2 protein chains.
Amino acid sequence: MQEQPLLDYIERYIDLTDSEKKILLSKVSSRKYLKGQYIVQQGDICKHSSYLISGCTKTSYLDKKGQEHIIMFAIEDWWTSDIGSFVTQTPADYNIQCIEDTEVIQFFYDNQEELLQDIPKLERLFRKMLEKALVASQKRIVRNFSLTAKERYLKFSELYPIMEQRVPQYMIASYLGITKEFLSRIKRQLANT
Amino acid sequence: MQEQPLLDYIERYIDLTDSEKKILLSKVSSRKYLKGQYIVQQGDICKHSSYLISGCTKTSYLDKKGQEHIIMFAIEDWWTSDIGSFVTQTPADYNIQCIEDTEVIQFFYDNQEELLQDIPKLERLFRKMLEKALVASQKRIVRNFSLTAKERYLKFSELYPIMEQRVPQYMIASYLGITKEFLSRIKRQLANT
DNA sequence: AAAAAAAGTTAAACTAGTTTACTATAATTT
DNA sequence: AAATTATAGTAAACTAGTTTAACTTTTTTT
């Protein structure tokens, strides 16, 4: 069953009965995107939160000067969404674009309340997922302030060694908040050591 | 009643019955800190989450080079905690220090499960609080990447006009990720316009 | 009210990271 | 297999923000 990874993910946080699993699966739906397609576009209302079965996405912000800033990547067994847009149903700040063919299972805003009523435990799941995401986000702020570009790059390689192989270098540079040219210089420096 | 602001805060997110309010208040406790005192110290296990009745705190990270990086401020009607430390009961990454005499109401890790069992609705409160915090944190990452120091300062003044009056300038500089000298230069530039 | 400590200002020299512009190498498409 | 497009590397000139070090102002303590 293609939904098994999602159930496994959830059971790391809470226990579900068989009937709860059935309800849950009846209220989510799976979808495939091709490389290059958008799951969410800046300005749209984000209607869903997506759990990745396979593939890879980038979440980015396009600023007034037309520059793209990558705020996160996601791969299989991660979640992605524009939470701000999802919870308030206001236009999304971010683009979520697939950088590989990607298969997801989606939770929809329109039946989220219903789902939470049927399985109140899910509040706890979402709380715990948000706790984890917030801690990671705060750590990233600190790293951006306290580390140099080279140190940030090394930390990224250490934290997400898989990403390095799957994501083009210029996107990693954007995630790190530096230019692709400077990341290239950093890599050369590291190689000559 | 000194706890009223906390109940008002909570009722912006969920409804509580009178008996739930009573249970809640029986499981939290209030405490006063003097200016300069620490609510949490880097390395300690964070045992509580604090709702501010009055006063002002700063949350900061001391890096290996001995530099302090302020990651957030809190004033009355805000929450503060090292959530990472609180939820996993591992040593705190951050210091939370009072920069004014501060009165708080604290939720404790040790009876949080009990409290959630008595008032399951609180899961939803915490989820919503975390959603809001995560959205703010992500926006901050984007601002740090897409704006210049001057633009970040102007945005800060716009978002938190009260902070500017209550917090010393060198702490604002740290929050913005720049030196106090450079913030001083920015303010002069803005004044001569 | 004096002394001391904390916070803020100024300016010159410096550096981490950007910009621009060109070249090289994959990876896709025809 | 050739042509196109996307990705990566290099280097010189530049700039936003840092460092250092001295000075001024404000706040707190005695």
Side-chain angles (χ1 to χ4, degrees), chain A residues 34-38 56-58 60 63-70 73 95 97-101 140-141 143-157 163-193, chain B residues 34-37 56 58 60 63-70 73 97-101 141 143-157 163-193:
Chain A
L34 295 175
K35 179 173 175 172
Q37 286 188 311
Y38 287 84
C56 185
T57 66
K58 67 171 212 273
S60 63
D63 72 21
K64 285 121 217 164
K65 298 147 207 153
Q67 261 217 303
E68 181 186 50
H69 303 276
I70 295 182
F73 296 109
N95 288 301
Q97 189 179 18
C98 298
I99 57 185
E100 296 176 4
D101 290 352
R140 184 144 174 242
I141 291 174
R143 282 199 299 272
N144 288 340
F145 281 152
S146 63
L147 303 180
T148 62
K150 188 196 264 180
E151 291 167 331
R152 255 145 48 212
Y153 169 65
L154 290 169
K155 193 76 192 173
F156 177 84
S157 307
M163 294 292 183
E164 273 241 66
Q165 289 144 31
R166 287 171 72 170
V167 171
Q169 222 180 93
Y170 73 92
M171 290 188 192
I172 295 177
S174 171
Y175 178 89
L176 296 174
I178 58 178
T179 58
K180 59 194 193 331
E181 290 84 356
F182 193 52
L183 179 54
S184 184
R185 194 151 97 196
I186 287 169
K187 291 188 89 167
R188 177 165 32 118
Q189 272 175 32
L190 289 169
N192 303 342
T193 314
Chain B
L34 295 174
K35 180 174 173 170
Q37 287 189 310
C56 186
K58 65 171 212 271
S60 63
D63 73 22
K64 285 120 217 163
K65 299 148 207 155
Q67 260 217 303
E68 182 187 48
H69 303 276
I70 296 184
F73 296 110
Q97 189 179 18
C98 298
I99 57 184
E100 297 175 4
D101 292 352
I141 290 174
R143 281 199 299 271
N144 289 340
F145 282 152
S146 63
L147 304 181
T148 63
K150 188 196 264 180
E151 292 167 331
R152 254 144 49 210
Y153 168 65
L154 290 170
K155 193 76 193 174
F156 177 84
S157 308
M163 294 293 184
E164 273 241 66
Q165 288 144 31
R166 289 170 70 168
V167 171
Q169 222 180 94
Y170 73 92
M171 290 187 193
I172 295 176
S174 170
Y175 178 89
L176 295 174
I178 57 178
T179 58
K180 58 192 194 332
E181 291 84 356
F182 193 52
L183 179 54
S184 184
R185 193 150 97 195
I186 287 169
K187 291 186 89 169
R188 176 164 33 113
Q189 272 175 31
L190 288 169
N192 302 343
T193 315

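Within every chain, numbering begins at 1; the chains are lettered A, B, ... in the order of the sequence lines, protein sequences first and strands thereafter. Keep in mind that what you see is a predicted model, and the values were worked out from it rather than measured.
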CD of B/E68 to NZ of B/K58, rounded to nearest 0.5 Å, is 4.5 Å
Double-helix bend of the helix from C/dA1-D/dT30 to C/dT30-D/dA1, axes at both ends from 5 pairs, round to 10°, gives 50°
Would you say the side-chain atoms of B/S157 pair up with the backbone N or O of B/Y153, donor to acceptor, closer than 3.5 Å? yes
*asked:* Whether A/Q169 contacts D/dG9 is assessed here as follows: a side-chain N or O lying under 4.0 Å from the phosphate OP1 or OP2. Is that the case?
replied: yes
Rounded to the nearest 0.5 angstrom, the CG-CZ distance for B/L176 and B/R143 is 9.5 Å
In this structure, CZ of B/R152 is separated from CZ of B/F145 (nearest 0.5 Å) by 10.5 Å
In whole angstroms, the gap separating P of C/dA5 from OH of B/Y170 amounts to 16 Å
Please check this pair: side chain of A/D101 against backbone of A/L34, looking for a donor-acceptor N/O pair closer than 3.5 Å. no
If we ignore hydrogens and angles and just use 3.5 Å, is the side chain of B/K64 paired with the main-chain N or O of A/S146 as donor and acceptor? no
Rounded to whole Å, the CD-P distance (A/E100 to D/dA6) equals 18 Å
Rounding to 0.5 Å, atoms CD1 (A/I172) and CE (A/M163) come to a distance of 9.0 Å
CD (A/Q189) and OG (A/S184) are apart, to the nearest 0.5 Å, by 10.5 Å
B/K35 atom NZ is separated from C/dA7 atom C1', nearest whole Å, by 11 Å
Taken to the nearest whole Å, NZ/A/K187 to P/D/dT10 is 12 Å
From CD of A/Q97 across to C1' of D/dA6 the rounded distance in Å is 14 Å
Separation of C/dG8 atom P from B/L190 atom CG, nearest Å, is 16 Å
With sugar-phosphate taken as primed atoms, P, OP1 and OP2 and all else as base, the protein-contact string of nucleotides 11-20 of chain D at under 4.0 Å (heavy atoms; B, S, -) is S-----BBBB
